[in-house]
Amino acid sequence: MSGALLCAVDDVPEDGSQAFIAELGERQVAVMVIRKGDGVFVYENSCPHIGAPLDFISGQFLNHERTHIMCSTHAALFQIEDGFCISGPCEGDHLIQINADVRGGNVYVSL
Ligand code: FES
């Protein structure tokens, strides 16, 4: 068993998103957790081009159709599965993915 407890899977709406602070070693990191089907994806809440948080309303990281992560300021779109930016100022760049394991209905993160 490894990793720090971040949240329960049920703390994040199905096919939705939520914001948390992750304890990663010595660092506290603002992260987003996205659920898509059975998948759980964790990224730093920091845009690759200027390091700004992506959610204007806390925890709201998805576009209206819930198909992509969206920057609320620039409407940049990122793929949920790998954080790759498909449009916007940071097109071609990636969100920083955090190692995450789901065990017993909880999400654990590690460096
Ligand atoms: S802050 Fe980078 S796309 Fe909006």
Side-chain angles (χ1 to χ4, degrees):
M1 299 279 237
S2 65
L5 176 64
L6 180 65
C7 64
V9 173
D10 287 345
D11 291 337
V12 183
E14 273 182 49
D15 294 321
S17 62
Q18 193 51 273
F20 297 95
I21 302 293
E23 306 276 347
L24 288 171
E26 302 289 295
R27 285 202 312 150
Q28 292 200 323
V29 181
V31 300
M32 67 184 87
V33 180
I34 314 294
R35 287 179 64 186
K36 182 176 181 181
D38 291 335
V40 175
F41 304 92
V42 183
Y43 297 99
E44 285 196 23
N45 182 9
S46 172
C47 170
H49 88 290
I50 54 170
L54 276 78
D55 54 335
F56 180 64
I57 299 171
S58 179
Q60 303 288 304
F61 290 101
L62 299 180
N63 61 343
H64 185 67
E65 298 79 12
R66 300 182 180 201
T67 54
H68 291 82
I69 298 163
M70 187 175 79
C71 167
S72 56
T73 311
H74 307 98
L77 295 174
F78 302 84
Q79 294 175 166
I80 291 173
E81 291 82 357
D82 60 7
F84 183 73
C85 181
I86 59 164
S87 76
C90 42
E91 187 173 333
D93 214 335
H94 279 84
L95 297 174
I96 298 171
Q97 191 154 20
I98 307 284
N99 294 322
D101 281 318
V102 177
R103 296 192 302 268
N106 290 318
V107 182
Y108 296 84
V109 291
S110 58
L111 287 172

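Remember, it's 1-based here, ligands and their atoms both numbered in the order they're listed. When a residue number appears, it is its place in the shown sequence, counting from 1.
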(message) For M70, is there any backbone N or O sitting under 3.5 Å from a side-chain donor or acceptor partner on N63?
(response) no
(request) Report yes if some heavy atom in the side chain of F78 is under 4.5 Å from a heavy atom in the side chain of L54; otherwise report no. (result) yes
(request) Sort by chain and number the protein N/O/S atoms that are closer than 2.8 Å to atom 2 (Fe) of ligand 1, and list them. (result) C47 SG, H49 ND1
(request) State the CD-CD distance between E23 and Q28, to the nearest 0.5 angstrom. (result) 4.5 Å
(message) Testing V42, V109, L6 one by one against F20 for a side chain to side chain contact (heavy atoms under 4.5 Å, CB included), which residue passes?
(response) L6
(message) With a 6.0 Å cut-off (strictly less than), is the heavy-atom count around CD of E65, excluding the residue itself, greater than 12?
(response) yes
(message) Any side-chain to backbone donor/acceptor pair from D15 onto G37? Under 3.5 Å, distance only.
(response) yes
